[in-house]
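Working notes, structure below.
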Amino acid sequence: MSQSESVRKTETIPQWKQDEVDELVDFITSYQSVGIVGVEGIPSRQLQAMRRDLHGSAAVRMSRNTLVVRALEEANEGVEQLTDFVAGQVALIGTNDNPFGLFKQLEASKTPAPISAGEVAPNDIVIPEGDTGVDPGPFVGELQQAGADARIQEGSIQVLSDSTVLDEGEEVDQQLAGVLGEMGIEPKEVGLDLKRVYSEGVLFSPDELAIDVDDYRADIQAAASAARNLSVNATYPTTQTAPSLIAKATGNAKSVALSGAVESPDVLGELVGKADGQVQALVAQIDDPEALPEELRDIEAEAAEEAEADEAAEADETDEADADADTDDAQPAADDTEEAEADSDDEDDDALGTLF
């Protein structure tokens, strides 16, 4: 096309179209993130409800695809990459939120819906095991023709096992659509389907935006923790690790001062305590009190008194045990004496009886 033909084509654009393009350009440039969403199969009333739900966080703008493409090209801020996805029933969406938040919000707003004949299954369609609640009749044959493992049992039509009746990507026929409708199965989700979104120089696909926020947060926290440990172990000071490095260095310096008996005010108390413990341990090993300075003899005396007290307590326990043993030994002897005396009395009685 020659330049003159291009000029004539531009000049012959109706004013209402140019006004529409200008409004679309203003819409595109007024948001930090701009995307293309599919609106196919969404009833008008439901689409209006979705737009109301997005109010305050995102805005949806619908127009002719040719005008949307022209507006994206005129905006010329990188968003022209979205023109490849302007096909079918689509709309522009703009938000100042990040693309991940936008995708999460759009997915959360989707609702289950029945599928019609001629539509493509968005995923495997499964008729679940269980009682259908339908009385015996022709419907059991329809279920079987659809591919379900259905039988008449206990006075109703039952599906004996989970039955996949259509694979993802296959087209739904009229018979299957009727069976699914009768069963109340809604295999698809209706909502704004994000095709692509452009934000801060990056074009994002839905797969890149579909992340588990909790797992992602856990990964970031683990990475931050590993980086902090590396910084501390490598003695690489940063704003976050400087306090830990200082505390670690302080602890190491204190350990060196204690080991080397450095008379520093910061460790003087610990050094005195350590020395006192060593002196007391040494005193306990000296038997001759005269060899000790007077100020240490009290320590030796206290240790001796404690030792004597322990020995006395042990002696008392030994005496009590011996006393118990003597008592037990004496008792049988007394019993033997009493039995001997009784036997003697019996013998005397017998002797008197003989005399008389």
Taking 4.0 angstrom as the limit, do E270 and K254 come out as a salt bridge?
-> yes
How does the hydrophobic cluster around I28 look, that is, which other residues are in it when side-chain heavy atoms under 4.5 Å mark a link?
-> W16, V21, L24, V25, F27, Y31, V34, I36, L67, V68, V69, L72, V79, L82, F85, V86, V90, L92, Y198, L203
Check whether V126 and V165 end up in the same hydrophobic cluster, where Ile, Leu, Val, Met, Phe, Trp and Tyr are linked by side-chain heavy atoms less than 4.5 Å apart.
-> no
hydrophobic_cluster_shared for V256 and L271, side chain cutoff 4.5 Å = no
Mind checking the NZ-CG spacing from K274 to L258? Nearest 0.5 Å is all I need.
-> 6.5 Å
L230: partners by side-chain contact (heavy atoms from CB on, under 4.5 Å), with sequence neighbours left out = none
Quick one: side-chain contact (heavy atoms from CB on, under 4.5 Å) partners of E208, sequence neighbours excluded?
-> F204, S205
With the side chain counted from C-beta on, respond yes when S57 and D97 share a heavy-atom pair under 4.5 Å apart, and no when they do not.
-> no
Working for side-chain contact (heavy atoms from CB on, under 4.5 Å), residues M50 and V39 | CA-CA 11 Å; M50 292 177 182; V39 297; over 6 Å; no
Closest non-hydrogen contact found for R61 with A91 is O-CB, 3.6 Å
Around atom CZ of R151, are there more than 12 heavy atoms of other residues, nucleotides or ligands at under 6.0 Å?
-> yes
Look at the side chain of D193 and the backbone N and O of V37, then say whether any donor-acceptor pair between them is shorter than 3.5 Å.
-> no
Looking only at heavy atoms, what is the nearest atom pair of T29 and A75, with distance?
-> CG2-CB, 4.4 Å
Should V202 and V197 be regarded as members of a common hydrophobic cluster, given that ILVMFWY residues are connected when their side-chain heavy atoms come within less than 4.5 Å of each other, either directly or indirectly?
-> yes
When rounded to the nearest 0.5 angstrom, what is the spacing between CG in N65 and CZ in R70?
-> 13.5 Å
Looking at CG of L160 and CG of D149, how far apart are the two atoms once the value is rounded to the nearest 0.5 Å?
-> 4.5 Å
Nearest heavy-atom neighbours spanning G191 and K110 | CA-CG, 3.8 Å
Verify the cluster assignment for L176 and V120: are they in a single hydrophobic cluster under the rule of side-chain heavy atoms below 4.5 Å apart?
-> no
Contacts of Q153 that satisfy side-chain hydrogen bond (donor to acceptor under 3.5 Å, both in side chains) - sequence neighbours left out = none
Would you check if there is a donor-acceptor pair between the side chains of D131 and S156 at a distance under 3.5 Å?
-> yes
T238 and T241: side chain donor to acceptor below 3.5 Å = yes
To the nearest 0.5 Å, what is the distance between CG (L194) and NZ (K104)?
-> 15.5 Å
Would F103 and V190 show up in the same hydrophobic cluster when neighbours are defined by side-chain heavy atoms closer than 4.5 Å?
-> yes
If you take all heavy atoms of S163 and G147, which pair is closest and at what distance?
-> CB-O, 3.9 Å
Give the C-alpha distance, both sets of side-chain angles, the deciding distance and a yes or no for side-chain contact (heavy atoms from CB on, under 4.5 Å) between S244 and R228.
-> CA-CA 10 Å; S244 298; R228 179 183 179 87; 2.8 Å; yes
Test side-chain contact (heavy atoms from CB on, under 4.5 Å) applied to D219 - qualifying residues, sequence neighbours left out = none
Knowing that exactly one of P114, P122, P112 qualifies, which makes a side chain to side chain contact (heavy atoms under 4.5 Å, CB included) with K188?
-> P122
Partners meeting side-chain contact (heavy atoms from CB on, under 4.5 Å) with A58 (sequence neighbours left out) | L54, I93, T95, L102
Nearest 0.5 Å please: distance from the CG atom of D162 over to the CD1 atom of I127.
-> 10.5 Å
Can you tell me how far the CD atom of E142 sits from the CE atom of M183, to the nearest 0.5 Å?
-> 12.0 Å
L143 side chain reached by V134 side chain, heavy atoms, under 4.5 Å = no
For Q46 and T111, does a side-chain donor sit closer than 3.5 Å to a side-chain acceptor?
-> yes
